[in-house]
Amino acid sequence: MKELMVADLAGRENQNVTGYFAAGAKSVRTKKDGTRYFALTLADRTGPIEARVWDASDAGDFETGDVVKIRGQVCRYNEKLQVNIDKIRRAAPGEYVLGDFVPQTERDVAEMWTELQGWVAGFRDAHLKVLLEAFLQDEEIATALREAPAAKGLHHAWIGGLLEHVLSLMSLSDQVARHYPGVHRELVLTGVFLHDIGKLRELRWGTSFDYTLEGQLLGHITIGLGMIEKKIAAIPNFPDAKRLMVEHLVLSHHGKYEYGSPKLPMTAEAILLHYLDDLDAKMQTVRNEFARNEAAGRSGGEMTEWVRSLERPLLNTQAFLEHEAPDAEGKQDQPNAGRKHALPFED
């Protein structure tokens, strides 16, 4: 593992640092005096941080997605950490290990894969079990499913994120489906397994996550439906009624037309899948924002920045209560204790 990670930078404020990072999207901007500078994002598997190269002539030849070596100073601007870069260049392949720059699941992938196989092995519905086994036994699909992120940048956006999301939903759906009589539990679990299967071809992953051409033109719902139809066509005597129910789960799981759903959920199983999928995604976004807030050096008593996907800032209840708890003498912590003033860097 490389020595300096983005997560370490909060503890290096006002210090000079040297390290390797993946370069995110860069743009050329102009200061008030007319001089140009680069704005870009640096990232590794622990997260991203904004960066600036104030003298554009100091920027070496590199592209978005390249691993770069930088030298600069960690500072704070508008209450956000950023790195002011003095020198930057593209890193040579032998200088880094790719795994350091891509966010990865904290869970063991082999254990998650065994857990997924266990869910399918427990099915009593022979038709649905055979369908899911067709995906598990497809080596190309199995390899991609062990690696794929669940999204480009919103929830579970890391290597192994899609598998982690599916397993989280399996557990949630299993409990909720048992709570409501009349819900076809294994049909819901089939929808959980397959609802985002098209993301294996919608997304690509390397030092960054992005959309494939197929993903941009068709989207994961359309791609996934085609993958399901291909597998079903190879299963003798697969009931057409069950095919219809499975495909409806996938087509409707976004829940609303404005969210890209071709159809609204019209069965109990589809309604349940939509809301639990949305819940799991939102709760992971909440956890991500709390972690980002902490990495930025903010105290537990502060709101996060505006979270665009949730259209609100957030407050970490546990961290807030710990921060506001009386100390041994019964005194409340001072709200601004330990906070550093923003440095006057122009952006």
Side-chain angles (χ1 to χ4, degrees), residues 116 119 128 131-132 135 145 148-158 161-203 209 211-212 214-229 231-232 241-289 306-314:
L116 181 63
W119 281 108
L128 298 180
L131 173 60
L132 297 189
F135 283 90
L145 187 52
K152 178 182 176 182
L154 290 176
H155 71 93
H156 298 89
W158 51 75
L162 179 56
L163 181 55
E164 188 175 340
H165 172 53
V166 166
L167 290 176
S168 177
L169 270 181
M170 283 287 194
S171 179
L172 276 173
S173 299
D174 178 52
Q175 297 176 64
V176 176
R178 293 179 188 275
H179 181 77
Y180 294 104
V183 171
H184 193 310
R185 170 182 163 275
E186 291 185 0
L187 185 58
V188 176
L189 297 183
T190 299
V192 168
F193 187 115
L194 297 174
H195 77 289
D196 278 345
I197 199 71
K199 288 186 176 181
L200 302 184
R201 286 164 39 188
E202 180 188 44
L203 298 171
F209 304 141
Y211 293 102
T212 63
E214 182 183 21
Q216 293 183 72
L217 294 178
L218 301 181
H220 73 277
I221 292 177
T222 301
I223 295 170
L225 190 66
M227 294 170 70
I228 293 165
E229 289 180 337
K231 292 299 184 188
I232 288 177
K242 288 183 181 178
R243 176 196 61 78
L244 190 62
M245 293 298 98
V246 170
E247 292 183 354
H248 177 67
L249 285 164
V250 174
L251 284 171
S252 65
H253 78 271
H254 277 193
K256 296 182 179 181
Y257 297 130
E258 58 266 36
Y259 295 161
S261 192
K263 300 299 294 183
L264 299 179
M266 299 181 202
T267 66
E269 293 77 15
I271 292 170
L272 190 152
L273 174 62
H274 160 62
Y275 281 108
L276 291 183
D277 180 39
D278 187 55
L279 174 64
D280 193 61
K282 282 183 166 57
M283 291 307 297
Q284 186 58 57
T285 297
V286 169
R287 290 194 290 268
N288 292 348
E289 291 302 323
W306 183 263
V307 182
R308 183 178 178 185
S309 63
L310 298 178
E311 299 183 327
R312 73 202 74 181
L314 300 168

For Lys152, all residues meeting salt bridge (Lys or Arg N to Asp or Glu O under 4.0 Å), sequence neighbours excluded: Asp210

Heavy-atom neighbours of Glu311 CD exceed 12 at 6.0 Å: no

For Arg185, side chain to side chain contact (heavy atoms under 4.5 Å, CB included) partners two or more places apart: Trp119, Asp174, Ala177, Arg178, Leu189

Sub-4.5 Å side-chain heavy-atom contact between Ile223 and Leu200: no

Ring-ring centroid check His274 His253, cutoff 6.0 Å: no

Side chain to side chain donor-acceptor pair (under 3.5 Å) partners for Ser309, two or more places apart: none

Any Asp277 side-chain heavy atom under 4.5 Å of His165 side chain: yes

Partner residues of Lys256 under the salt bridge (Lys or Arg N to Asp or Glu O under 4.0 Å) criterion, sequence neighbours left out: none

Heavy-atom check, side chain of Leu249 versus side chain of Val188, under 4.5 Å: no

By side chain to side chain donor-acceptor pair (under 3.5 Å) - contacts of Glu229 (at least two apart): none

Side chain to side chain, Trp158 and Asn288, heavy atoms closer than 4.5 Å: yes

Short side-chain to backbone donor-acceptor contact, Thr285 and Ala281, under 3.5 Å: yes

Tyr259 side chain reached by Asp278 side chain, heavy atoms, under 4.5 Å: no

Side chains of Phe135 and Ile228 in contact at under 4.5 Å (non-hydrogen atoms): yes

Beyond-backbone contact of Phe193 with Thr190, side-chain heavy atoms, under 4.5 angstrom: no

Validation row: Leu225, Ile221 side chains within 4.5 angstrom (heavy atoms): no

Thr212 (side chain) donor-acceptor with Gly215 (main chain) under 3.5 angstrom: yes

Report all side-chain donor-acceptor pairs from residues 263-271 shorter than 3.5 Å, counting only partners two or more places apart or in another chain.
| residue | atom | partner | partner atom | Å |
| --- | --- | --- | --- | --- |
| Thr267 | OG1 | Ala270 | N | 3.0 |
| Glu269 | OE2 | His184 | N | 2.8 |

